[in-house]
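Dropping a structure here in structure tokens format, bear with me for questions.
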Amino acid sequence: MRFALPLIALASLSACGGGGDTGGNGSAAAPVANVAAPAGQKWSDMVAVTPEGGYRIGNPDAPVKLLEYGSRTCPTCGAFGREGNEPLINNYVSTGKVSFEFRDFAVHGAPDLAAAVLGRCNGTATFFPLLEAMYQDQAATLDRMQALPQAEQARLQSIPPLQAVSAWADAAGFVDFVKQRGVPEAKARQCLADQKLLQQVVKITEDGGSVVTGTPTFLINGEKVENAVSWPQIEAALKAAGA
């Protein structure tokens with residue numbers, strides 16, 4: 001198996017995001033009505049894998065579809081997740097008007113691949129809780145990675161990619177992290193060695209390269225939301241789209 005992704009130096013971990021002052025794309029759309037979930041169910045409990053390999057929460061036929069390409073080691077993505085996850089799910093996804101799809105974009109190579117694969121290891125039931133937990137713990141994770149001796153960082157970036165993914169999973173503390181959240185160590189290591197699972201994340205990253213200029217990158221109904229990386233900017237764009 002060949003990964004067409006660079007192993008980025010730790011100094012680049014802060015080189016994500018973009019920023020800007022606007023969150024909308026043009027004129028506002030007419031407001032859309034709430035959509036009732038099937039009897040006895042909640043939209044916020046409905047999670048599925050999309051054909052493109054992302055994970056979607058909410059009404060699959062929602063009139064407003066929000067897509068994020070994000071990196072689990074990107075501080076800007078982490079800030080959005082910590083600030084935006086709860087209001088996005090509670091105020092928008094739960095209404096049936098908005099669905100939210102997350103696609104892991106491995107901007108930092110092997111560390112992102114390790115986190116993304118472990119985030120997928122238990123399937124749909126724990127994908128979004130693990131994503132949120134990783135963002136809540138992100139500062140500690142980045143501190144561990146930054147504290148690695150230069151010689152160890154160089155070693156991690158010199159070993160073959162498949163081995164590097166597992167090595168970074170240990171160095172960053174990802175294996176211990178998911179063990180504490182319902183993913184047995186044996187299963188975690190099996191996922192890290194699963195070339196099909198790894199290639200899914202690589203393909204998402206390669207396919208997203210034509211639209212992603214930095215992480216996070218957001219699209220609403222297939223249209224890129226320019227100059228928007230924070231929750232207030234994205235919320236404004238959702239409202240402009242009718243949510």
Side-chain angles (χ1 to χ4, degrees), residues 1-8 10 13 16 45-57 67-74 77-78 81 85 100-138 140-142 144-145 148 152-153 155-208 212 215-216:
M1 177 183 179
R2 180 181 65 86
F3 293 125
L5 295 175
L7 302 184
I8 305 298
L10 290 184
L13 285 174
C16 59
D45 291 334
M46 298 184 186
V47 180
V49 181
T50 67
E52 295 78 13
Y55 280 66
R56 182 192 62 235
I57 183 170
L67 165 63
E68 175 187 356
Y69 285 95
S71 155
R72 296 175 193 240
T73 63
C74 164
C77 301
N85 179 76
F100 173 53
E101 179 182 351
F102 184 88
R103 297 182 191 171
D104 281 284
F105 192 89
V107 70
H108 295 132
D112 273 337
L113 284 169
V117 165
L118 291 174
R120 293 165 168 258
C121 201
N122 264 357
T124 58
T126 59
F127 180 87
F128 284 100
L130 271 177
L131 178 65
E132 181 178 7
M134 285 184 174
Y135 280 148
Q136 292 293 340
D137 194 62
Q138 189 187 69
T141 299
L142 297 183
R144 283 192 295 271
M145 295 168 68
L148 291 171
E152 178 63 6
Q153 293 186 32
R155 184 189 74 82
L156 288 169
Q157 296 195 55
S158 68
I159 60 180
L162 186 58
Q163 296 176 30
V165 172
S166 292
W168 272 109
D170 285 316
F174 290 134
V175 173
D176 286 339
F177 184 84
V178 297
K179 275 172 57 179
Q180 297 168 18
R181 291 160 178 81
V183 183
E185 181 172 352
K187 185 174 183 179
R189 297 201 181 280
Q190 183 180 25
C191 288
L192 288 166
D194 186 335
Q195 296 189 20
K196 182 178 179 180
L197 194 57
L198 286 162
Q199 191 57 47
Q200 288 174 359
V201 182
V202 172
K203 186 175 189 304
I204 291 171
T205 303
E206 291 175 339
D207 291 348
V212 176
T215 52

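Given the structure is predicted, the values throughout are model-derived calculations rather than measurements.
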**Q.** Test log, rule side-chain contact (heavy atoms from CB on, under 4.5 Å), inputs Arg189 and Val175
**A.** CA-CA 8 Å; Arg189 297 201 181 280; Val175 173; 3.9 Å; yes
Q: Search all heavy atoms of Gly119 against all heavy atoms of Met134 and return the closest pair with its distance.
A: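 Taking Gly119 first and Met134 second, the nearest heavy atoms are N-CE, 4.3 Å.
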Q | Polar side chain donor-acceptor pair, Ser158 to Arg155, under 3.5 angstrom | A |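 Not at all, the side chains of Ser158 and Arg155 share no donor-acceptor pair under 3.5 Å.
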(Q) Show, in sequence, the C-alpha distance, side-chain angles and deciding distance for Leu156 and Leu148, and conclude whether the side-chain contact (heavy atoms from CB on, under 4.5 Å) test is met. (A) CA-CA 10 Å; Leu156 288 169; Leu148 291 171; 3.9 Å; yes
Q) Of all heavy-atom pairs between Pro111 and Met145, which one has the smallest distance, and what is that distance? A)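 That would be CB-CE, 3.6 Å.
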(Q) Nearest 0.5 Å, please: how far is CG in Asp112 from OG1 in Thr215? (A)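 Thr215 atom OG1 to Asp112 atom CG measures 7.5 Å (nearest 0.5 Å).
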Q. Considering the options Val178, Leu118, Asn122, which one meets the side chain to side chain contact (heavy atoms under 4.5 Å, CB included) requirement together with Lys187?
A.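 Of the listed residues Val178, Leu118, Asn122, the side chain to side chain contact (heavy atoms under 4.5 Å, CB included) partner of Lys187 is Asn122.
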**Q.** Expected output: side-chain Glu52 to main-chain Ile204 donor-acceptor under 3.5 Å
**A.**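 A pair under 3.5 Å: no.
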Q | By side-chain contact (heavy atoms from CB on, under 4.5 Å) - contacts of Ala193 (at least two apart) | A |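 With sequence neighbours excluded, Ala193 shows a side-chain contact (heavy atoms from CB on, under 4.5 Å) to no residue whatsoever.
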Q) At their closest point, which heavy atom of Cys121 faces which heavy atom of Ala188, and how far apart are they? A)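 Closest pair (atom of Cys121, atom of Ala188, distance): SG-CA, 4.1 Å.
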Q) Between OG1 of Thr73 and OH of Tyr135, what distance do you get to the nearest 0.5 Å? A)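 The distance works out to 8.5 Å.
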Q: Kindly give the heavy-atom pair with the smallest separation between Ser166 and Leu192, and that separation in Å.
A: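 Where Ser166 meets Leu192 most closely, the heavy atoms are OG-CB, 3.6 Å.
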Q) Which one of Glu206, Arg120, Arg103 satisfies the side chain to side chain contact (heavy atoms under 4.5 Å, CB included) criterion with Val201? A)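 Going through Glu206, Arg120, Arg103 one by one, the side chain to side chain contact (heavy atoms under 4.5 Å, CB included) with Val201 is satisfied by Arg120 alone.
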Q. Which of parallel (below 30°), tilted (30 to 60°) and perpendicular (above 60°) describes Phe105 and Tyr69?
A.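 Rings of Phe105 and Tyr69: perpendicular, over 60°.
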(Q) Would the distance check show the side chain of Gln138 and the main-chain N or O of Arg72 forming a donor-acceptor pair, the cut-off being under 3.5 Å? (A)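 Yes, the answer is positive, given that a donor and an acceptor are paired below the 3.5 Å cut-off.
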Q. Taking only residues at least two apart or on different chains, which pairs with a member in residues 171-181 satisfy side chain to side chain donor-acceptor pair (under 3.5 Å)?
A.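 Checked against side chain to side chain donor-acceptor pair (under 3.5 Å) - neighbours excluded - the pairs reaching residues 171-181 are Lys179-Glu185.
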Q.
I'd like to know if the side chain of Asp137 reaches the main chain of Ala133, judged simply by a donor and an acceptor atom lying under 3.5 Å from each other, with no hydrogens or angles considered.
A.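 No; zero donor-acceptor contacts below 3.5 Å.
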Q: Determine, stepwise, if the pair Val183 / Phe174 fulfils side-chain contact (heavy atoms from CB on, under 4.5 Å).
A: CA-CA 11 Å; Val183 183; Phe174 290 134; over 6 Å; no
Q. Looking only at heavy atoms, which two atoms of Cys77 and Pro216 are closest? And how far apart?
A.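 Closest heavy-atom pair between Cys77 and Pro216: SG-N, 3.4 Å.
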Q: Calculate, to the nearest 0.5 Å, the distance between atoms CH2 and CD belonging to Trp168 and Gln157 respectively.
A: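 Between atom CH2 of Trp168 and atom CD of Gln157 there are 6.0 Å.
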Q. From Gln199 CD over to Asp194 CG, what is the distance, rounded to the nearest 0.5 angstrom?
A.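 If I round to the nearest 0.5 Å, the distance is 11.0 Å.
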Q. Atom OG1 of Thr205 and atom CG of Asp104: how far apart are they, to the nearest 0.5 Å?
A.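 If I round to the nearest 0.5 Å, the distance is 7.5 Å.
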(Q) Go through it in stages, so that I can follow the logic: the residues are Val107 and Val212, the test is side-chain contact (heavy atoms from CB on, under 4.5 Å), and I'd like the CA-CA distance, side-chain angles, deciding distance and then a yes or no. (A) CA-CA 10 Å; Val107 70; Val212 176; over 6 Å; no
Q | Contact check, side chains of Gln200 and Leu197, non-hydrogen atoms, under 4.5 Å | A |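 Heavy-atom side-chain distance check passes, below 4.5 Å.
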Q: Considering non-hydrogen atoms only, spot the tightest contact between Gly54 and Glu101 and give its length.
A: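 It is CA-OE2, 3.5 Å.
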Q) Do the ring planes of Tyr55 and Phe127 sit parallel (below 30°), tilted (30 to 60°) or perpendicular (above 60°)? A)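 Because their plane-to-plane angle is under 30°, the rings of Tyr55 and Phe127 count as parallel.
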